[in-house]
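Scroll down for the structure; my scribbles are underneath it.
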Amino acid sequence: MPEIANYHQEVSNRISPIVEKLIKGNSLYQVKLNQQEMVEMLVELFGQLSTEEMRAITEYELTHRIDKILVLEAVSGTLNDLTPEQIKMYDEAVMRK
């Protein structure tokens, strides 16, 4: 069991600074995302990889993967934030395509 705790700490130590940097550099992330919640979710997600798999991911690739996940998290539910008028405009725009 201590190995699992150590591994999750190792994953967290890699992910936390990347998430912090990405959120600081993106105003959408700052508005839509909770940094601590994102770190916890990502540690759980990447913690499912084996130690070897996780260590094989370069910092560049890990940053790219995390950024894609943060984009998805930030924009999910965006339609729920729209007013009825905005939803109507969106629906009309989609129907034209």
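All of these numbers come straight from a predicted model, not from anything done at the bench.
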To the nearest 0.5 Å, tell me how far [X] [atom1] sits from [Y] [atom2].
X: His64; Y: Glu59; atom1: NE2; atom2: CD; answer: 14.5 Å
X: Glu37; Y: Glu73; atom1: CD; atom2: CD; answer: 9.5 Å
X: Lys32; Y: Leu70; atom1: NZ; atom2: CG; answer: 14.0 Å
X: Thr63; Y: Lys68; atom1: OG1; atom2: NZ; answer: 13.0 Å
X: Leu42; Y: Met38; atom1: CG; atom2: CE; answer: 7.0 Å

Can you give me the closest heavy-atom contact between Ile57 and Leu62, atom names plus distance? CG2-N, 3.5 Å
Heavy-atom closest pair, residues Leu49 and Tyr7: O-OH, 2.8 Å
Determine whether the side chains of Glu61 and Thr58 contain a donor N or O and an acceptor N or O closer than 3.5 Å.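 Distance-only check fails for Glu61 and Thr58.
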Using atom types as modelled, flag every donor-acceptor pair under 3.5 Å from a side chain in residues 16-30 to any protein atom, sequence neighbours excluded.
{"residue": "Ser16", "atom": "OG", "partner": "Ser12", "partner atom": "O", "Å": "2.9"}
{"residue": "Glu20", "atom": "OE2", "partner": "Lys24", "partner atom": "NZ", "Å": "3.0"}
{"residue": "Asn26", "atom": "OD1", "partner": "Leu28", "partner atom": "N", "Å": "2.9"}
{"residue": "Asn26", "atom": "OD1", "partner": "Tyr29", "partner atom": "N", "Å": "3.2"}
{"residue": "Tyr29", "atom": "OH", "partner": "Asp67", "partner atom": "O", "Å": "3.2"}
{"residue": "Tyr29", "atom": "OH", "partner": "Asp67", "partner atom": "OD1", "Å": "2.6"}
{"residue": "Gln30", "atom": "NE2", "partner": "Ile23", "partner atom": "O", "Å": "3.1"}
{"residue": "Gln30", "atom": "NE2", "partner": "Lys24", "partner atom": "O", "Å": "2.8"}

Going by heavy atoms in the side chains, are Met54 and Glu10 under 4.5 Å from each other?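 With C-beta onward as the side chain, the pair stays apart.
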Does a side-chain heavy-atom distance below 4.5 Å link Gln36 with Glu40?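 A side-chain contact under 4.5 Å exists here.
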Has the side chain of Glu53 got a donor or acceptor atom that lies under 3.5 Å from a matching backbone atom of Ser50?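 It does hold such a pair.
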